Amino acid sequence: MIRWRQKDFCGIRADQGKEKRKMGRFVNPGNRAFAVALRSEIYIDKTGLIEYTNRVLDTKQALICNSRPRRFGKSTTADMLTAYYCRGCDSRQMFSGLSISRTEGFSRHLNQYDVIHFDVQWCSEPAGGASKVVSYMKKSVIEELREEYAGILPDETTSLADALSYLNFTAGKKFIVIIDEWDVLIRDEAANIDVQEEYISFLRGLFKGTEPTKYLHLAYLTGILPIKKLRTQSALNNFMQFTMINPGVLAPYVGFTEDEVRTLCKVYDRDFEKVRYWYDGYRLGDYHVYNPNAVVCLMLQGDYQSYWSDTAAYESIAHLINMDFDGLKTAVITMLSGECVNIRTNTYQNDMVTFKNKDDILTALIHLGYLAYDRKNQTALIPNEEIRSEFSQLLEENRWSEFLQLQRESDELLEATLEMDGKAVAEKIEKIHNEYASVIQYNNENALSSVLAIAYLSAMRYYYKPVREMPTGRGFADFVFLPKAEYAGSYPVLLTELKWDKNVQAAICQIKERRYPDALESYAGHILLVGISYDKKSKEHSCVIEAFYRQD
């Protein structure tokens, strides 16, 4: 469900209700934060997540860590859960009309629980720095618990886990604990062992073992990284983890789905295909997921650009890319060209320090949102034009010589292609293959296409990501470069056929015989037929280019 300008909601005072209770900052903070989301011009209904949390309350699955990248709605989700469960406020009208209101357990769980909610990142400033965050959170929450349950907690109680256990033992109280930006100390204090050990000990005290099952209805942690591993196991291995690698049943609640974006495009009169090119690419289960912040900014502002904000976490691994750690540079170039790279994600320790190989770095980038993960094929890829532009900018700012040189050579290749200089094209592809794609062994046409994608990297300034195996008249064209709308009048379509150990003229003949240009009927303009072949024995490339003109 999508709402625009919540006129029906704006007249409702957050926290209104029959039961008058004092709202705390951390203990039962009410529904005011979620009210802000509902008042926004664009709000996408993600309350289906509550149906899942209702189902797992007071079960072994009630400990949840749902990690996702920045600007993917982590805080809004945490605020939503707080508004729904929190005692002392009346959120019925707030949730009326949203999907959760139509479920069986809606009223049974609505505003029925004591909720503790804190944002670790926010706590850092009032605490006076990272080393004091844990003590600040414990002290602040315990003070509010003493006020909420006057006369119960002993004065000497300084452990939050002990306080919750004592309230359960003496008064039968159970809690829902929601922690936003749970991993900020893991990311920002990656080299501070003392801070990390104190924080992990704090979390284990709250959630690990038998005692927490007595005082917890539900725990919901959200942040960017999955839970830190200690050696080979999670520091909190009793948590159900939902990540960008394995989103499970929570996949549709991570970002905006394709259907939701289509609806927004209709309302705001945006070109869906262009939106998809710029912001699609995160593959979570059966869903294509879009960055909510980018889509909202595009809908409201109308500018197709990168709305991605620089992050300290990304800068902290930029030097590893520059060092070409374990062949990482080759992987980055391959992904920039639109290709995927194979990846093993199971060795990553879920921090920003312990990188054993390039797969660990790529896995970190997946969790940060700079890469997407294809779970079926176990590959990493750059998801869309927004992120591709961020990578290109980073490499240019860092004066990455290999990238700048490849750009120059790729520019020359594109120019030679447009000038229909087949000999020069063959020579340049062969050169780029030898210098940048030596790890790819030529043994079939698919491998040749991977090198071709790298060679035509600079073409992506003027063309959309090349379409692989595009359905055509009587078969599939190996590679089709379609010019972006703003360049359609200046640049031709490049319809490319690849051959391995065959005469290059056979590629052009196949394009004509199978009537590949018929698939481009809607394109009234110039088409270049490009045939490329690789000879296994001589290790040479050859190329033939012919022009095909479609009349208006």
Side-chain angles (χ1 to χ4, degrees), residues 26-29 49 52-68 74-75 77-78 81-82 85-86 113-123 133-142 144-145 153 157-169 171-187 189 195-243 246 248 250 349-351:
F26 307 110
V27 179
N28 292 330
L49 172 65
Y52 174 79
T53 56
N54 281 345
R55 190 165 68 245
V56 301
L57 282 168
D58 294 304
T59 71
K60 290 289 188 180
Q61 291 73 48
L63 303 181
I64 299 167
C65 182
N66 186 11
S67 60
R68 61 181 82 171
K74 296 186 299 297
S75 296
T77 301
L81 292 172
T82 299
Y85 287 117
C86 183
Y113 300 92
D114 286 306
V115 173
I116 298 172
H117 177 170
F118 52 86
D119 180 331
V120 180
Q121 187 167 38
W122 182 89
C123 289
V133 167
V134 172
S135 59
Y136 172 81
M137 292 189 299
K138 290 192 294 186
K139 181 176 181 292
S140 299
V141 175
I142 289 173
E144 289 191 20
L145 289 173
L153 278 179
T157 303
T158 58
S159 163
L160 180 55
D162 187 37
L164 299 183
S165 174
Y166 192 85
L167 287 170
N168 173 259
F169 178 73
K173 297 296 180 180
K174 296 186 70 173
F175 299 84
I176 289 177
V177 177
I178 298 172
I179 304 180
D180 192 7
E181 298 288 358
W182 84 268
D183 62 326
V184 70
L185 296 180
I186 304 297
R187 290 184 283 113
E189 299 298 321
V195 166
Q196 293 212 7
E197 287 184 349
E198 180 188 27
Y199 182 54
I200 291 173
S201 177
F202 167 70
L203 294 177
R204 295 186 78 162
L206 272 180
F207 303 121
K208 189 80 170 157
T210 300
E211 192 61 25
T213 65
K214 301 175 185 177
Y215 59 73
L216 289 174
H217 291 293
L218 175 79
Y220 182 88
L221 276 56
T222 186
I224 294 176
L225 297 179
I227 293 173
K228 171 83 173 97
K229 291 182 181 178
L230 298 177
R231 298 182 179 89
T232 59
Q233 288 192 340
S234 165
L236 298 170
N237 58 8
N238 52 340
F239 268 73
M240 296 285 293
Q241 295 211 58
F242 302 91
T243 71
N246 185 15
L250 301 191
Q349 295 298 298
N350 300 341
D351 60 31

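Counting begins at 1 with the first residue of the sequence. Treat the numbers as computed from the prediction; the structure is a model and nothing was measured.
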Considering only heavy atoms from C-beta outward, does the side chain of Leu250 approach that of Tyr52 to under 4.5 Å?
yes
Write down the atom of Cys86, the atom of Pro29, and the distance for their closest heavy-atom approach.
SG-N, 3.8 Å
Run the side chain to side chain contact (heavy atoms under 4.5 Å, CB included) check on Asn168 and Leu164 step by step: do they pass?
CA-CA 6 Å; Asn168 173 259; Leu164 299 183; over 6 Å; no
I need the Leu225 CG to Arg68 CZ distance, nearest 0.5 Å.
14.5 Å
Pairwise side-chain contact, Leu145 with Tyr166, heavy-atom cut-off 4.5 Å (strictly under)
no
About how many Å separate NZ of Lys229 and CG of Leu236, when rounded to the nearest 0.5 Å?
14.0 Å
Determine whether Ile176 and Asp114 make a side-chain contact, defined as any pair of heavy atoms from C-beta on separated by less than 4.5 Å.
no
List the atom of Lys174, the atom of Leu216, and the distance in Å for their closest heavy-atom pair.
CE-O, 3.5 Å
Are Leu218 and Phe175 close enough that some pair of their side-chain heavy atoms sits under 4.5 Å apart?
no
Could you tell me which non-hydrogen atom of Ala219 sits nearest to which non-hydrogen atom of Phe207, and how far apart they are?
CB-CE2, 3.6 Å
Run Glu181 and Arg187 through salt bridge (Lys or Arg N to Asp or Glu O under 4.0 Å) and show every step you take.
CA-CA 10 Å; Glu181 298 288 358; Arg187 290 184 283 113; 3.1 Å; yes
Can you see which heavy atom on Gly205 is nearest to which on Ala161, and at what distance?
O-CB, 3.3 Å
Going through the distances and angles, do Val184 and Asp119 end up as a side chain to side chain contact (heavy atoms under 4.5 Å, CB included)?
CA-CA 10 Å; Val184 70; Asp119 180 331; over 6 Å; no
Spatial distance of atom CE (Met240) from atom OG1 (Thr59) [nearest 0.5 Å]:
8.5 Å
Quick one: closest heavy-atom pair of Gly223 and Trp182, and the distance?
N-CD1, 3.6 Å
Separation between OG1 of Thr77 and CG of Asp180, rounded to the nearest 0.5 Å:
9.0 Å
Going through the checks in order, is the side chain to side chain contact (heavy atoms under 4.5 Å, CB included) test met by Ile178 and Phe118?
CA-CA 7 Å; Ile178 298 172; Phe118 52 86; over 6 Å; no
Minimum heavy-atom distance between Cys123 and Phe26, given as atom pair plus value
SG-CE2, 4.3 Å
Do Ser67 and Ile224 have side-chain heavy atoms sitting under 4.5 Å apart?
no
Here the gap from Thr158 atom OG1 to Leu153 atom CG, rounded to the nearest 0.5 Å, amounts to 11.0 Å
Does the side chain of Leu206 reach to within under 4.5 Å of the side chain of Phe202, using non-hydrogen atoms?
yes
For a side-chain contact (heavy atoms from CB on, under 4.5 Å) with Leu221, tell me which candidate from Ile64, Leu63, Ile179 qualifies.
Ile179
When you check the side-chain N and O atoms of Thr222 and Asn66, is any donor under 3.5 Å from an acceptor?
no
Quick check: does any side chain N or O of Thr213 sit under 3.5 Å from a backbone N or O of Thr210, one acting as donor and the other as acceptor?
yes
Hits for side-chain contact (heavy atoms from CB on, under 4.5 Å) against Asp351, two or more places apart or cross-chain, chain-then-number order -> Ile186, Lys228, Gln349, Val353, Thr354
Hydrogens and angles aside, do Asn28 and Tyr85 bring a side-chain donor and acceptor to less than 3.5 Å of each other?
no
Which residues pass the side-chain contact (heavy atoms from CB on, under 4.5 Å) test with Ser165, not counting sequence neighbours?
Glu211, Tyr215
As an exercise, state the distance from SG of Cys65 to CG of Asn238, rounded to the nearest 0.5 Å.
11.0 Å
So do His217 and Leu57 actually touch side chain to side chain, heavy atoms under 4.5 Å?
yes
